[in-house]
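Data block below; observations after.
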Amino acid sequence: MSATLHSDAVRALTAWTAYDGDQTELRADYLAHLAAEPEGLYRSCLPAHITASALVVDPAAGRVLLTLHPKVGQWLQMGGHCEPGDSSLAAAALREAIEESGIAGLRLLTGPDGQPVPVKLDRHRVRCTGKDRPENTHLDVQYVALAPAGAQELISEESLDLRWFEYGHLPELTDTSVRVLTALAEKLTA
């Protein structure tokens, strides 16, 4: 595992200011996971591993881009597993957002220091690729990716569908986590 990615994850989570008590608890759990698991950012780490995702937003049009996930059957933000070439959690989230959206000009929302910052954390159970893989827990670190005005998406093989939705008109097959992430993105990009 990349020591750089591991130390960046610890740095990013330590520096992040959680917006409520549940998020503060999740951050503590994520940091404990990283302290106990040197390989804790890769899918090989079971029963849990850190993942990175980004909600693609077009603030000028007041819309978000969601993917219809083939395994989950719900509309979600772009995201997935960290890879050995990722230098940071932010880089992993941006790579996943570009790969899954087909939009090359994305940039992550940054904090006052100009560095990309997570917006939200979400822990959920999932079965990673492969029928023989056991169900495990994703410790997702979620970012917001800003799309250029009028950006055109290009569906990837990782998605059943890819569509823009207005902030207040998300599809029925969207979970609470995505709705909260969208509300945060709308507030932060206003």
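Atoms considered below: every heavy atom in the structure, side chains included; atoms not considered: hydrogens, waters and symmetry mates. Sequence positions, counted from 1, serve as the residue numbers for this chain. Note that the structure is predicted; figures quoted are calculated from it, not measured.
Here the closest non-hydrogen pair linking C82 and L89 is SG-CD2, 3.9 Å.
Residues L146 and P59 are in side-chain contact: their nearest non-hydrogen atoms beyond the backbone lie under 4.5 Å apart. You'll find the side chain of D175 stays beyond 4.5 Å of the side chain of W75, heavy atoms only. Taking 4.5 Å as the limit, every side-chain heavy atom of M78 sits out of range of all side-chain heavy atoms of E99. Here the side chains of L109 and Y143 are not in contact, with every heavy-atom distance at 4.5 Å or above. With contacts defined as side-chain heavy-atom distances shorter than 4.5 Å, the pair R95/D86 qualifies. Proximity of L66 to L162: side-chain heavy atoms (C-beta onward) are nowhere separated by under 4.5 Å. Contact annotation: the side chain of L139 never approaches that of D29 to less than 4.5 Å [non-hydrogen atoms, C-beta and beyond]. Counting only heavy atoms from C-beta outward, the side chains of H69 and Q74 never approach each other to under 4.5 Å.
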Open item on the list: Before you tell me yes or no, could you show the steps for V10 and L31 under side chain to side chain contact (heavy atoms under 4.5 Å, CB included), namely the whole-Å CA-CA distance, both residues' side-chain angles and the distance that decides it to 0.1 Å?
Closed with: CA-CA 6 Å; V10 171; L31 288 167; 4.2 Å; yes
- [ ] Please test S101 against L106 for side chain to side chain contact (heavy atoms under 4.5 Å, CB included), starting from the C-alpha separation and ending with a verdict.
- [x] CA-CA 10 Å; S101 72; L106 297 176; 3.7 Å; yes
Open item on the list: Under the criterion side chain to side chain contact (heavy atoms under 4.5 Å, CB included), I'd like the reasoning laid out for L41 against H6: C-alpha separation, chi angles, the key distance, then a yes or no.
Closed with: CA-CA 7 Å; L41 286 124; H6 191 276; 4.0 Å; yes
TODO: Take Y167 and V57 through the side chain to side chain contact (heavy atoms under 4.5 Å, CB included) test and state the conclusion after the steps.
DONE: CA-CA 9 Å; Y167 289 139; V57 300; 4.1 Å; yes
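The stretch residues 147-166 participates, sequence neighbours left out, in these side-chain hydrogen bond (donor to acceptor under 3.5 Å, both in side chains) pairs: T67-S159, E153-W164, D161-R163, E166-H169.
A salt bridge is absent between D140 and R123: the closest approach of a Lys/Arg side-chain nitrogen to an acidic carboxylate oxygen does not fall below 4.0 angstrom.
In this structure, the separation between OG1 on T137 and CD1 on I50 is 11.0 Å, given to the nearest 0.5 Å. For the atom pair OG (S53) and CG (D122), the distance works out to 8.0 Å, reported to the nearest 0.5 Å.
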With a 3.5 Å cut-off and sequence neighbours excluded, list the donor-acceptor pairs that the side chains of residues 178-187 form with protein atoms.
{"unit_1": "R179", "atom_1": "NE", "unit_2": "T174", "atom_2": "O", "d": "3.4"}
{"unit_1": "R179", "atom_1": "NH2", "unit_2": "P171", "atom_2": "O", "d": "2.8"}
{"unit_1": "T182", "atom_1": "OG1", "unit_2": "V178", "atom_2": "O", "d": "2.8"}

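Using a 4.5 Å cut-off between side-chain heavy atoms of Ile, Leu, Val, Met, Phe, Trp and Tyr, with links allowed through other members, L108 and V117 fall into different hydrophobic clusters.
No donor-acceptor pair closer than 3.5 Å links the side chain of Q77 to the backbone N or O of V56.
The ring of H49 has its center no closer than 6.0 angstrom to the ring center of H33.
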